[in-house]
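What follows is a set of notes on a single structure, which appears directly below.
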There are 2 protein chains.
Amino acid sequence: MDIVKIEEIFKKSGLKLTVQRKAIIEVLINFNGHVLTAEQIYKKTKEKHPTTNFSTIYRNLEILESSNIIHKITMKGEAAKYQLVNDDKHYHHFICKDCGKSEIIDFCPLRSLSTELKRKNFVLTDHCFELYGYCNNCKDNKSEV
Amino acid sequence: MDIVKIEEIFKKSGLKLTVQRKAIIEVLINFNGHVLTAEQIYKKTKEKHPTTNFSTIYRNLEILESSNIIHKITMKGEAAKYQLVNDDKHYHHFICKDCGKSEIIDFCPLRSLSTELKRKNFVLTDHCFELYGYCNNCKDNKSEV
DNA sequence: TTTGGTGCAAAGCGTTTGCACCCGC
DNA sequence: GCGGGTGCAAACGCTTTGCACCAAA
């Protein structure tokens, strides 16, 4: 997702384009393809607009998420991680625990399960499928140690 | 998993079988097949042993988890949920957001992905696959409202 | 008797919120 | 100028921890 599309969404929703929001969006775009914690986003945003507050970060991450501009990923008990949405498709991720890089896995397990779920009469509202580990680069770094 | 096997594991690991631990295990066995939050486990344990402290619950849930006696499930931002391990097989769950009942889904998406992952040279360390929604019962209750 | 387990209270962490002020539109 | 956005500080919910006492083995 690029700045033009994001500004479009903001305009449509009547959201103001404040300096802080511009800074946050810039950070997210710069780190496209990586997942970032709220704290990382906070620190990098402060580099661009030093007076930005942590609560501003959280408030905007929430807005960005419900505007489908970013994904929020929550891994077992850890702090939530955020990343730009790539397009409007449904997908899952492989996330590197070392460098935070995430790679889209164009596979959703629900497809293979739909018949079983129907048979059991479940109403699905939500699902989680994420893979964690080390990417090709970080794996190699580890083995050198 | 039954009390006999759990006591075996405790003995092997040199863990003491305190009154509090017995109470916690009883609760977990009574609610086998359901997922419980730490708070629910706390309240129900207090019914059996009223002076049990919340920190005792957390400390023991951690021990039980690393002894592979219980599963810890963390759903987007919510409090963690716990349940007895059924056997030593790897599986995932459908979890009802209303009654907390969980049903084992004997399907792991990793099987369908192994070739793709190898090709990409990922080293997998962890994965999450959980389905959330309403079970047959709770779905019906909802529609009556 | 020894060592690990407990209760208590306090702090930790990530996140959210109430309020007064501020600034984009 | 209006109404949404911000900074600040305080509180939130869940969880963890340090310490002195206690009780299972």
Side-chain angles (χ1 to χ4, degrees), chain A residues 3 6-27 35-46 48-67 69-70 72-82 100, chain B residues 3 6-27 35-67 69-82 100:
Chain A
I3 186 80
I6 294 174
E7 288 186 354
E8 240 174 59
I9 296 174
F10 267 59
K11 210 154 263 174
K12 266 187 199 159
S13 315
L15 292 164
K16 291 180 184 168
L17 252 183
T18 62
V19 208
Q20 294 89 338
R21 282 181 177 167
K22 276 181 203 156
I24 295 171
I25 293 167
E26 258 185 73
V27 169
V35 294
L36 299 171
T37 62
E39 199 189 358
Q40 289 172 317
I41 295 168
Y42 171 59
K43 284 184 179 158
K44 301 205 178 292
T45 301
K46 272 175 90 80
K48 295 176 189 294
H49 187 72
T51 63
T52 311
N53 194 269
F54 221 140
S55 55
T56 301
I57 301 291
Y58 274 113
R59 281 191 273 238
N60 280 302
L61 288 177
E62 204 191 326
I63 290 168
L64 290 168
E65 198 204 355
S66 57
S67 305
I69 294 169
I70 59 172
K72 181 179 182 179
I73 297 169
T74 43
M75 177 171 153
K76 310 201 164 184
E78 293 182 13
K81 295 185 183 67
Y82 304 85
Chain B
I3 185 80
I6 295 174
E7 289 186 355
E8 239 174 62
I9 297 175
F10 267 59
K11 210 155 265 177
K12 266 188 202 162
S13 316
L15 293 164
K16 291 179 185 169
L17 252 182
T18 62
V19 208
Q20 294 90 337
R21 283 182 176 165
K22 276 182 202 154
I24 294 171
I25 292 168
E26 259 185 70
V27 169
V35 293
L36 300 171
T37 62
E39 199 188 357
Q40 289 171 318
I41 295 168
Y42 170 60
K43 284 183 179 157
K44 302 207 175 291
T45 301
K46 272 174 90 82
E47 288 171 14
K48 295 177 190 294
H49 187 73
T51 63
T52 311
N53 194 268
F54 221 140
S55 54
T56 300
I57 301 292
Y58 275 113
R59 280 191 272 236
N60 280 303
L61 289 177
E62 205 192 323
I63 289 168
L64 290 168
E65 199 205 355
S66 56
S67 307
I69 294 169
I70 59 173
H71 267 305
K72 182 180 184 179
I73 297 170
T74 43
M75 180 170 150
K76 310 201 166 184
E78 293 182 14
K81 295 185 182 69
Y82 304 85

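In what follows, chains carry the letters A, B, and so on, assigned in the order in which the sequence lines appear, proteins first and then strands, with residues in each chain numbered from 1.
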Open item on the list: I'd like to check the side-chain hydrogen bond (donor to acceptor under 3.5 Å, both in side chains) partners of B:Lys22; sequence neighbours left out, ordered by chain and number.
Closed with: none
Open item on the list: Can you give me the closest heavy-atom contact between B:Leu61 and B:Ala38, atom names plus distance?
Closed with: CD1-CB, 4.0 Å
TODO: Rounding to 10 degrees, work out the angle separating the end axes of the helix from C:dT1-D:dA25 to C:dC25-D:dG1 (five pairs an end).
DONE: 40°
Open item on the list: Tell me whether A:Glu39 is salt-bridged to A:Lys43, with the criterion being a basic N under 4.0 Å from an acidic carboxylate O.
Closed with: yes
- [ ] Would you please confirm or rule out a distance under 4.0 Å between OP1 or OP2 of D:dA23 and any side-chain N or O of B:Gln20?
- [x] no
TODO: Using whole Å, report how far NZ of B:Lys46 lies from P of C:dT6.
DONE: 14 Å
- [ ] Check whether any side-chain N or O of B:Thr56 sits under 4.0 Å from OP1 or OP2 of C:dG5, and answer yes or no.
- [x] no
Open item on the list: What I'd like to find out is whether the side chain of A:Lys16 reaches to under 4.5 Å of the side chain of A:Phe10, using heavy atoms alone.
Closed with: no
Task: Spacing of A:Tyr42 atom OH relative to D:dT6 atom P, expressed in whole Å - done: 14 Å
Task: Worked verdict on A:Ile69 versus A:Ile25 for side chain to side chain contact (heavy atoms under 4.5 Å, CB included) - done: CA-CA 10 Å; A:Ile69 294 169; A:Ile25 293 167; over 6 Å; no
TODO: Check step by step if side chain to side chain contact (heavy atoms under 4.5 Å, CB included) holds for A:Lys48 and A:Val27.
DONE: CA-CA 9 Å; A:Lys48 295 176 189 294; A:Val27 169; 3.9 Å; yes
- [ ] Figure out the CD1/C1' separation between B:Ile57 and D:dT16, and round it to whole Å.
- [x] 15 Å
Open item on the list: I need the CG-P distance between B:Leu64 and C:dG5, as an integer number of Å.
Closed with: 12 Å
- [ ] For B:Arg21 and C:dG4, give me the distance from atom CZ to atom P, rounded to whole Å.
- [x] 11 Å
- [ ] May I have the distance from B:Ile24 (atom CD1) to C:dT6 (atom C1'), rounded to whole angstrom?
- [x] 11 Å
Open item on the list: Please report the distance, rounded to the nearest Å, between CD1 in B:Ile63 and P in D:dT15.
Closed with: 16 Å
Task: Close side-chain approach of A:Ile63 and A:Ser13, heavy atoms under 4.5 Å - done: no
Open item on the list: Taking the nucleotide of DNA chain C with the nearest heavy atom to each, does B:Thr52 or B:Gly14 sit closer to the 5' end?
Closed with: B:Gly14
Open item on the list: Can you build the contact string for nucleotides 15-25 of chain C? Use B for base contact, S for sugar-phosphate-only contact, and - for no protein heavy atom under 4.0 Å.
Closed with: BBBB-----BS
Task: Side-chain heavy-atom pair B:Glu62, B:Tyr58 within 4.5 angstrom cut-off - done: no
Open item on the list: If you define the side chain from C-beta out and look only at heavy atoms, does anything of A:Thr18 sit under 4.5 Å from A:Thr56?
Closed with: no
